[in-house]
Structures are given as structure tokens and as C-alpha cells.
Enquirer: 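Submitted below is the structure of interest, expressed as C-alpha cells.
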Amino acid sequence: MGNHRAGIAMGKAAEMALKMRTNQTAIELLDMICEPYRGCDAEFEAEHPDLPGRVHPEIVDYTDPNGPLGVLIVEAFGESGRDYMMGWPEDEGSVNAFYYGPYNQFSERYEFC
């Protein structure tokens with residue numbers, strides 16, 4: 001039962017950052033988005049873009065590899081050439097590779113609970 005507002009704020013900031021991105025690296029964008037929430041017990045459930053408070057129709061969490069934060073997480077912390085989306089979320093290997101790899105590094109960098 002963490003902070004849903006913090007997760008939504010970071011997710012929406014990532015959506016905007018990806019749309020407006022010029023030459024920033026993924027880690028630069030993540031630092032700008034996540035530093036204000038360092039140490040937060042953030043919940044990253046994705047919110048419907050047109051119906052606030054409802055579940056997003058395409059992604060479960062903003063941090064999923066296909067979510068806006070997830071795209072930046074994979075780019076910043078993922079292994080070059082590795083497809084973290086392959087089989088997601090049905091393939092347990094893809095889920096584990098993402099969560100125990102890039103997502104874990106992301107979470108540790110910003111000290112999310």
C-alpha cells in the first residue's frame with residue numbers, strides 16, 4: 001500500500017519526457033523524473049489516460065518494459081540487445097530477467113521501497 005500518486009506522477013512525467021525527448025539519455029531523464037521521489041514507497045500502477053482513477057487499457061504498471069518508465073529503465077539499465085518484452089508477461093524468464101536486472105537496478109538507484 002504505497003504512494004500511488006507518486007507512481008502516477010513519475011509515469012506521466014516519463015510519457016511526456018519520451019514525447020518531447022531530444023538528446024537526453026535515459027538515465028538523465030530518469031534522474032529528473034525520479035529524484036524528487038527518492039526513497040518513496042511508490043506504486044507504479046498505470047492509470048487510464050482518459051479516465052483518471054481507472055486501470056490503463058494497455059499496460060499494468062508504468063515500469064513494465066512496454067510502459068513509459070519501463071522503456072527508460074530498459075534503455076538505462078538493460079543489457080544491450082536484450083529483448084525484455086519477448087513473451088512479456090507470460091514468459092516467466094522475461095519477467096524475471098527484467099525484474100531481477102534492470103528494474104532492480106532502477107529501484108536501488110532511487111531507493112524505492
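What you are looking at is a predicted structure, and each value in this text was computed from that prediction instead of being measured. Nothing fancy with the numbering, it's 1 onward along the sequence.
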Enquirer: So which atom in Glu15 and which in Pro68 form the shortest heavy-atom distance, rounded to 0.1 Å?
Expert: CG-CG, 3.4 Å
Enquirer: Looking only at non-hydrogen atoms, find the nearest pair between Ile33 and Leu72 and report the distance.
Expert: CD1-CD1, 4.2 Å
Enquirer: Examine Tyr110 and Tyr99 and state if one hydrophobic cluster contains both, with Ile, Leu, Val, Met, Phe, Trp and Tyr joined whenever side-chain heavy atoms are less than 4.5 Å apart.
Expert: yes
Enquirer: Checking Glu43 side chain against Asp41 main chain: does a donor-acceptor pair fall under 3.5 Å?
Expert: no
Enquirer: Begin from the C-alpha positions of Arg109 and Ile27 and carry the test side-chain contact (heavy atoms from CB on, under 4.5 Å) through to its verdict.
Expert: CA-CA 10 Å; Arg109 180 178 180 94; Ile27 200 71; 3.6 Å; yes
Enquirer: Contact between Tyr62 and Met10 at the side-chain level, heavy atoms closer than 4.5 Å - yes or no?
Expert: no
Enquirer: I'd like to know if Glu47 and Arg5 make a salt bridge, using a cut-off of under 4.0 Å between side-chain N and carboxylate O.
Expert: yes
Enquirer: Ring centres under 6.0 Å, that's the criterion: do Phe77 and Tyr103 meet it?
Expert: no
Enquirer: Can you tell which of Leu30, Thr25, Asp31 makes a side-chain contact (heavy atoms from CB on, under 4.5 Å) with Glu28?
Expert: Thr25
Enquirer: Between Tyr84 and Ile73, is a side-chain contact (heavy atoms from CB on, under 4.5 Å) present by the stated rule, with each step listed?
Expert: CA-CA 11 Å; Tyr84 292 96; Ile73 291 167; over 6 Å; no
Enquirer: Tell me the closest heavy-atom pair linking Pro65 and Met85, and the distance in Å.
Expert: CB-SD, 3.4 Å
Enquirer: What is the ring orientation for Phe44 with Phe112, classed by angle as parallel under 30°, tilted 30 to 60°, or perpendicular over 60°?
Expert: perpendicular
Enquirer: So which atom in Phe106 and which in Cys34 form the shortest heavy-atom distance, rounded to 0.1 Å?
Expert: CE1-SG, 3.7 Å
Enquirer: Please check if Val60 and Leu69 belong to a single hydrophobic cluster, counting links between Ile, Leu, Val, Met, Phe, Trp and Tyr side chain heavy atoms closer than 4.5 Å.
Expert: no
Enquirer: Which pair of non-hydrogen atoms, one from Pro57 and one from Pro49, has the smallest distance, and what is that distance?
Expert: CD-CD, 4.0 Å
Enquirer: Ignoring hydrogens, what is the shortest heavy-atom contact between Ala46 and Ile59? Give both atom names and the distance.
Expert: CB-CG1, 3.5 Å
Enquirer: Should the pair Arg54-Glu45 be classified as a salt bridge under the 4.0 Å nitrogen-to-oxygen rule?
Expert: no
Enquirer: Just wondering, do Asn66 and Val71 contact through their side chains at under 4.5 Å, heavy atoms?
Expert: no
Enquirer: Counting N and O atoms only, with roles assigned by atom type, does the side chain of Asp64 sit under 3.5 Å from a partner on the main chain of Gly67, one being a donor and the other an acceptor?
Expert: no
Enquirer: Taking C-beta and beyond as the side chain, do Leu29 and Arg21 meet within less than 4.5 Å on heavy atoms?
Expert: yes
